Number of protein chains: 2
Amino acid sequence: MKDLTPIVNLFFNNQFVSEKTKELFIPLLHEFKARKGATFLQEGAICNHIYIVESGLVRQYFYKDNIDVTEYFAWEGQGFVCIESFIERTPSNLIVEALEDSVIYGIEKNELNALAEKHHEIELMHRGLMEQGLVMSQKRMYSMLFETAKERYNNFLKASPFLINRVPSMYIASYLGITPETLSRVKGH
Amino acid sequence: MKDLTPIVNLFFNNQFVSEKTKELFIPLLHEFKARKGATFLQEGAICNHIYIVESGLVRQYFYKDNIDVTEYFAWEGQGFVCIESFIERTPSNLIVEALEDSVIYGIEKNELNALAEKHHEIELMHRGLMEQGLVMSQKRMYSMLFETAKERYNNFLKASPFLINRVPSMYIASYLGITPETLSRVKGH
DNA sequence: CGGAAAGATTGACATATATCAAGAACTCGA
DNA sequence: TCGAGTTCTTGATATATGTCAATCTTTCCG
């Protein structure tokens, strides 16, 4: 059986996890696979899992007035979740597609909650994930507000250089909140 | 002694709270007062509390290249926290000032954590606050990305009409991510 | 109460980015 | 390998919003 320790550590943000907690947590992990191009999560479904990509690359996106807007990329070691749907148990407007063949581990909300009720370390992890998301979300908002298209692209390049060759530019553009035309110009000069 | 039930209910987002939990939680509440114009939280301090405004009105802001940017308003019944500082225990770049004489209740992070460790309902409340913040943050980001200055102003007006006469326009402008000039034009037409 | 300081409005102009359109360069399946 | 369909680039133009400056209005302290 595969050693899932690395996946556990990712969920726990690489903080110390007791053997006991790890033992309890591992059975919650469900493995999913998605082939390149496949839709992993449909629009309108309720997102009941928190996922981490073990290998591959996925993209979260939604339609705003019929145009495709990228919300997030997740690659090896990155987590993702349709956050509003997960928190409020409402149908998601987000779609998740695999940009490459991917192996993904997920934990189910109810199972997580049940275990967390008994084991505080797990409840803390759950809160930790929400906190991480909150800080990231704030930073992204201020990047949209204060940075020019060029600055956002440069920062993206610096933070995730390896994505440039794995993701079509048009998706990067919409992730950065700009048009493909602007991205193209920004790259050129 | 004042009945703090309404404050407790605000922290618990108006969900059911058992008598036991309420009893445990009330001693965590600390009362603070701030006079109009006073700085309630300084820049550079670590924010160790989550606050709720009982009466009055406060503004969170920071300096971006020496210009004053409003992050948030909190009025009667609203919570606030310098979120990044609180989560990461780092010095805050946010300043909190009272725009009116205010009475504020706060809970201290360490005290909250200690109690939450023993009482799951309280831990859940803590996570709930983070989740609320996360959903709000996401919504605000998409408002900045997709809405025009006019739309943002109209939505603000609809959501918080009472703030218009309590807050100088320049603060509303920076909260909406626009200049005072643009806000003035947007209001006029 | 009066005057200085702060805030709000208005105008002229600058600028970043969007939009629309055309053509070039990839990509991928038959 | 060819060719159709994407995707990317480049150009011309439009537009929302920012910047700077002047003036008008409000606030508030001495």
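Scope of the values below: all heavy atoms of this structure, side chains included, with no hydrogens, waters or symmetry mates. Sequence lines set the chain letters: A, B, ... in the order given, protein chains first and strands last, and positions in each chain run from 1. The structure presented is a predicted model; accordingly, all values stated were derived computationally and were not measured.
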> If an axis is fit to five pairs at each end of the helix from dC1(C)-dG30(D) to dA30(C)-dT1(D), what is the angle between the two, to the nearest 10°?
Replying inline: 50°
> Which heavy atom in Leu24(B) sits nearest to a heavy atom in Leu28(B), and how many Å separate them?
Replying inline: O-CG, 4.3 Å
> In whole angstrom, what separates Leu145(B)'s CG from dT17(C)'s C1'?
Replying inline: 13 Å
> Atom NZ of Lys187(A) to atom P of dC8(D): distance rounded to whole Å?
Replying inline: 7 Å
> Below 4.0 angstrom, N of the basic side chain to O of the carboxylate: do Arg35(B) and Asp101(B) qualify?
Replying inline: yes
> Are Val103(B) and Val53(B) co-members of a hydrophobic cluster defined by side-chain heavy atoms under 4.5 Å apart?
Replying inline: no
> Rounded to the nearest Å, what distance is computed from the CD1 atom of residue Ile178(A) to the P atom of nucleotide dT19(C)?
Replying inline: 12 Å
>> Using 30° and 60° as the class boundaries, would you call the ring planes of Tyr63(A) and Tyr61(A) parallel, tilted or perpendicular?
In response: perpendicular
> Aromatic rings Phe32(B) and His30(B): how do their planes relate, parallel, tilted or perpendicular, breaks at 30° and 60°?
Replying inline: perpendicular
> Which parts of residues 164-173 of chain B get close to DNA chain C, meaning a heavy atom less than 4.0 angstrom away?
Replying inline: Pro168(B), Ser169(B), Met170(B)
>> Can you measure Leu176(B) atom CG to dA16(D) atom C1' for me and round it to whole angstrom units?
In response: 15 Å
> Who are the ring-ring contact (aromatic ring centres under 6.0 Å, His included) partners of Tyr72(A), not counting sequence neighbours?
Replying inline: none
>> For Tyr175(B), does the six-membered ring have the charged nitrogen or CZ of Arg140(B) within the cation-pi criterion, i.e. under 6.0 angstrom from the centroid and within 45° of the normal?
In response: yes
> Which ILVMFWY residues can you reach from Leu124(B) by hopping between side chains whose heavy atoms are under 4.5 Å apart?
Replying inline: none
> Salt bridge or not for Glu54(B) and Lys2(B), using N-O below 4.0 Å?
Replying inline: yes
>> Between Glu131(A) and Arg127(A), does any NZ, NE, NH1 or NH2 come within less than 4.0 Å of an OD or OE carboxylate oxygen?
In response: yes
> In whole Å, what is the span from the CZ atom of Phe146(B) to the P atom of dA18(C)?
Replying inline: 11 Å
>> What's the separation between atom CD in Gln132(B) and atom OG in Ser137(B), rounded to the nearest 0.5 Å?
In response: 13.0 Å
> If you look at every strand shown and take non-hydrogen atoms under 4.0 Å, does Gly177(B) touch a base, only sugar-phosphate, or nothing?
Replying inline: sugar-phosphate
> Do the two ring centres, one from Tyr51(B) and one from Tyr105(B), sit under 6.0 Å apart?
Replying inline: no
> Would Arg166(A) count as a cation-pi partner of Phe73(A), with NZ or CZ less than 6.0 Å from the six-membered ring centre and within 45° of the ring normal?
Replying inline: no
> Would you call Glu97(B) and Arg59(B) a salt bridge, using N to O less than 4.0 angstrom?
Replying inline: yes
> Looking for any heavy atom pair under 4.0 Å, which part of the strands does Leu183(B) touch: base, sugar-phosphate only, or nothing?
Replying inline: nothing
> Considering only heavy atoms, which members of residues 147-157 of chain A lie under 4.0 Å from some atom of DNA chain C?
Replying inline: Thr148(A), Ala149(A)
> Using a cut-off of 4.0 Å between protein heavy atoms and nucleotide atoms, how would you tag nucleotides 20-30 of chain D 5' to 3' with B, S and -?
Replying inline: B----------
> Between dT9(C) and Ser184(B), is there an OP1 or OP2 to side-chain N/O distance shorter than 4.0 Å?
Replying inline: yes
>> On the nucleotide dA18(C), are OP1 or OP2 found under 4.0 Å from the side-chain N or O atoms that Thr182(A) carries?
In response: yes
